[in-house]
Amino acid sequence: MPIEDKRWTKEKEESLAKQWRTSPYPFDKKNEKPLFSVDTPPPYVNAPVHMGHVTTYIIMDMIARFKRMTGHNVLFPLGLDRNGLPIEVAAEKKFKKKLTEVPREEAIEMCKKILEESSLASVESFARAGISFNSWKIGTNPGEIYLTDSDDYRALTQGTFIDMWKKGLIYEDVRTNNYCPGCQTTIADSEIEYEDKPTIFTDIQWETDTGEKIVIGTTRPELLCSCEAVLYHPNDQRYKHLEGKNAITPIYGRKVKIMAHPLAEMDKGTGLVMMCAFGDYTDIRFFREQKLTPKIAINKDGTLNQHAGKYEGKRIYAGRKAILEDLKEAGLIVEQRQIQHRTPVCDRSKDDVEFIELPEFYVKQLEFKDTLRSIAESVSIHAEPSRQILLDWIDSIAIDWPISRRRFYATEVPVWHCTKCKEIVLPPKGKYYQPWKEKSPVPCPKCQSTDLKGEERVFDTWFDSSISPLYILQYEKDDKFFRNNIPCSLRPQGKEIVRTWLYYTLLKCFHLTNKTIFKDVWIHYHVVDDNGKKMSKSVGNIIDPQKLLDDHGAESLRLWAATEGDLSKGDIRCSDERIKGAGKTLTKLWNVARFVSSFPEGKEGNLEPLDEWILDELNTLIALANEKYAHYDFFTPALALRHFVWETFASHYLELAKNRAYNNEDLYTDEEANSARYTLHTVLSRLTRLFAPILPMVTYEIVKATENKDVHQEAFPKVERTYQPPFKTEELMETNGAIWKAKQDKGISLKAEVKKATLPKSLQVIEKDIKHTHTIGDITYGDTFAITL
RNA sequence: GGGCCCGUAGUUUAGCGGCUAUAACGUCUCGUUCACAGCGAGAAGGUCGCCAGUUCGAAUCUGGCCGGGCCCACCA
């Protein structure tokens, strides 16, 4: 049927988006086609998805749609991340109560209330953008939207803990960790941010055991009590003579070793540095390396303890003030100055992070670094340079992974503790447990006691999210399906979470399955604002995709996402103007289709040389798209397709073939006209399929109108037949261009007659088409182009 | 401070040893050509960040510098 409407409008998108939302692309487990599984990143539900999410999911959708068209059974589920700190923060804000200060049941209730409001509205933009998830229903069947805080998901998280504990891959230990006194939990490195804060830097006079006076600078005088060593750099001539001597700590009068150590930097402070338990990461590294026993002077509540002597009970700042006064009185302060200091603070409470010891659960990783490195080297990463982020991270790992947290809205660590024999008691896996309020289903295996205390700690949310590929592939639910379908085909994710989500997933899945869990990893950069700045809530430059969808429509957004840049290689800027500009190509494509649809289809038969040429051009595109799409590159083919639509096909082929396709004056034979009509329809048909993953809505409507088919059920084009183009594309384009320009320069109509023309010899095969397109009288052929108007 | 990435037209970009350096958006000129004025035909616009080197030849390779981004580290 001919297309009537003069242009593509965004209003046409609404019904299609709705249609795909109510009856989407369900996942059929029994389908015999090879599986292509996409481990999509579950967005966090506390805020609506922003432009960056939508853009990257659009690319994932292009991948999914392409894979469907190339004969795959595509598992493309959406997950929603609902565990952990952001929800707790939102709950605290809304109810104006600290979760640490209310009963645990109430804390969890508060979080659940927040989550009730979040619903699916946060991902509404995905539906509007035409993302073809398997399902828009929340559930536990493969392909349905999964929630990381569902009983089903949490039971699997706990099951993996139980397995790993039994395999000896998890242990509990008392170690130094980042600790936030405000939130009262151990926090991960990724939960720390830095603030420039003014701090007093104090040079304090010490003495050595031989009576020599030395000066050491510090910002943490309250930690003097926990000092275990004084360091200078091995090349520092000023202090070489101190090697092997001891320093006496002021106030406390303890003897500590003076050592040469590269951790000390010659040009910082006086070149001498005290090592305390613990002022910073350097201290921690040093204590670990020297196997020193730290005397930690700070309690869980942020007060100083008995190690601090007379300052015991004071909070850190008060203790610091008091000890500085005492040092001043003793005449030991050489100099004080205020410095700006980048201080690690908790990213939620903004409290200074302290380093204290607590018992926590750890996943072993140090002894697996070599294996992890080979996994990191063998997994296929798009684009290749991003692999280095992972390798660098693996190289820099210095401790095992602390997985327990002292918070509330997260998966509980599924253990009980025997009050009699101290044994750790694990329940059978397969069920979701809340040990802090439930009785252990089993007695202590060692002493048979039933007097067990439920564990109160929860997991780091990365411990949850690092099993997403296992969850979507039915691990422990359907063994046969799981075994047949690992590794997971594709992990798409942002580069900023390579060292967390990607790394932890590879680690944990290796521990559980002994395999590399992904075949391919697609790592993307970011959509930044139109000034090139990263979007962030605090800066207030978050771009709302709903607004862009309202203004320009999904297809403009999608074409922009494909053509603005290669997201696996760098950031792309979000520009309203450029998204708007993308819409022009939609109009062009639509009108090309409208033009083609006005002709009868034509039958396959002898092809005119011009028609062979355009089909050959299209073949080049088909080959390019197949190759690039398969490597998750939509950028290169999208540019080529756009160019083909505007230039090659519309400007040149259509202009030349028009007369023949109309054949109003019977200048051509039926066979010649048929060849043009057949070619027009064939090109359109293939072109829509090439565009379908990028522009699912426009192509759907075109193919429905012209062929009455669902383009998304069609096979992706392959180069099936080759054609012999008798001339070079540039030769044709240059010739057309030269004739148009000559008429333009003379200010005459493009239809005006050309009396005589000398054209390249190779174009003789399409003499008739050229002659009628440009209205040329006499055509001769030669090396030099010339026309007489 | 360490690592990685990036500097090409006003903007976004292609090219990654060899034609006069791509194209799109924007700007300007002309045009109511029967698919499309949300269009067409053209034009202007660049010492390919800077400086050396390798080479017959460098936007492209190497080194240094300058500028930008991201990640990591930095409580002396």
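Proteins come first, then strands; the chains are lettered A, B, ... in the order of their sequence lines, and each starts at number 1. Any value given below was found using the heavy atoms of this structure, including those in side chains, with hydrogens, waters and symmetry copies removed.
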Which residues pass the side-chain contact (heavy atoms from CB on, under 4.5 Å) test with [X], sequence neighbours left out?
| X | value |
| --- | --- |
| A:Thr706 | A:Ile3, A:Ser597, A:Leu684, A:Ile702 |
| A:Ala562 | A:Met62, A:Ala638, A:Ile694 |
| A:His681 | A:Val596, A:Phe599, A:Glu601 |
| A:Arg578 | A:Trp560, A:Glu564, A:Ser575 |

Charged N to carboxylate O below 4.0 Å: is that the case for A:Asp550 and A:Lys10?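 Salt bridge absent between A:Asp550 and A:Lys10.
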Rounded off to whole Å, could you give me the CZ-to-C1' distance for the A:Arg499 and B:C4 pair?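 After rounding, the reported distance stands at 14 Å.
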Considering only atom P, compute the distance from B:C61 to B:A14 and round it to an integer number of Å.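 Pairwise P distance, B:C61 against B:A14, rounds to 14 Å.
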Could you write out RNA chain B as a dot-bracket string, with dots for unpaired bases, | for bases paired across to another strand, and Watson-Crick or G-U pairs counted at under 3.5 Å? (((((((..(((.....[....))).(((((.......))))).....(((((..]....))))))))))))....
Which one, B:C25, B:A76, B:C36, comes nearest to the side chain of A:Arg594?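 Nearest to the side-chain atoms of A:Arg594, counting from C-beta on, is B:C36.
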If you check every side-chain atom of A:Glu655, which of B:C36, B:A76, B:C70 has the closest atom?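 Closest nucleotide to the A:Glu655 side chain: B:C36.
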Among residues at least two apart in sequence or on other chains, which ones pass side chain to side chain donor-acceptor pair (under 3.5 Å) with [X]?
| X | result |
| --- | --- |
| A:Glu354 | A:Arg220 |
| A:His50 | none |
| A:Thr208 | A:Thr210 |

Can you name the ring pair (Phe, Tyr, Trp, His ring centres under 6.0 Å) partners of A:His552, sequence neighbours left out? none
For A:Phe634, all residues meeting ring pair (Phe, Tyr, Trp, His ring centres under 6.0 Å), sequence neighbours excluded: A:Tyr629
Please work out if A:Lys580 contacts a base, only the sugar-phosphate, or nothing of the nucleic acid, heavy-atom cut-off 4.0 Å. nothing
Enumerate the protein-to-nucleotides 40-43 of chain B contacts in which both atoms are nitrogen or oxygen and the separation is below 3.5 Å.
{"residue": "B:G40", "atom": "OP1", "partner": "A:Lys588", "partner atom": "NZ", "Å": "3.2"}
{"residue": "B:A41", "atom": "OP1", "partner": "A:Ser651", "partner atom": "OG", "Å": "3.4"}
{"residue": "B:A41", "atom": "O2'", "partner": "A:Gln744", "partner atom": "OE1", "Å": "3.4"}
{"residue": "B:A41", "atom": "N3", "partner": "A:Gln744", "partner atom": "NE2", "Å": "3.3"}
{"residue": "B:G42", "atom": "OP1", "partner": "A:Gly737", "partner atom": "O", "Å": "3.3"}

Quick one: what's the B/S/- string for nucleotides 9-17 of chain B, heavy-atom cutoff under 4.0 Å, read 5' to 3'? --BB-S---
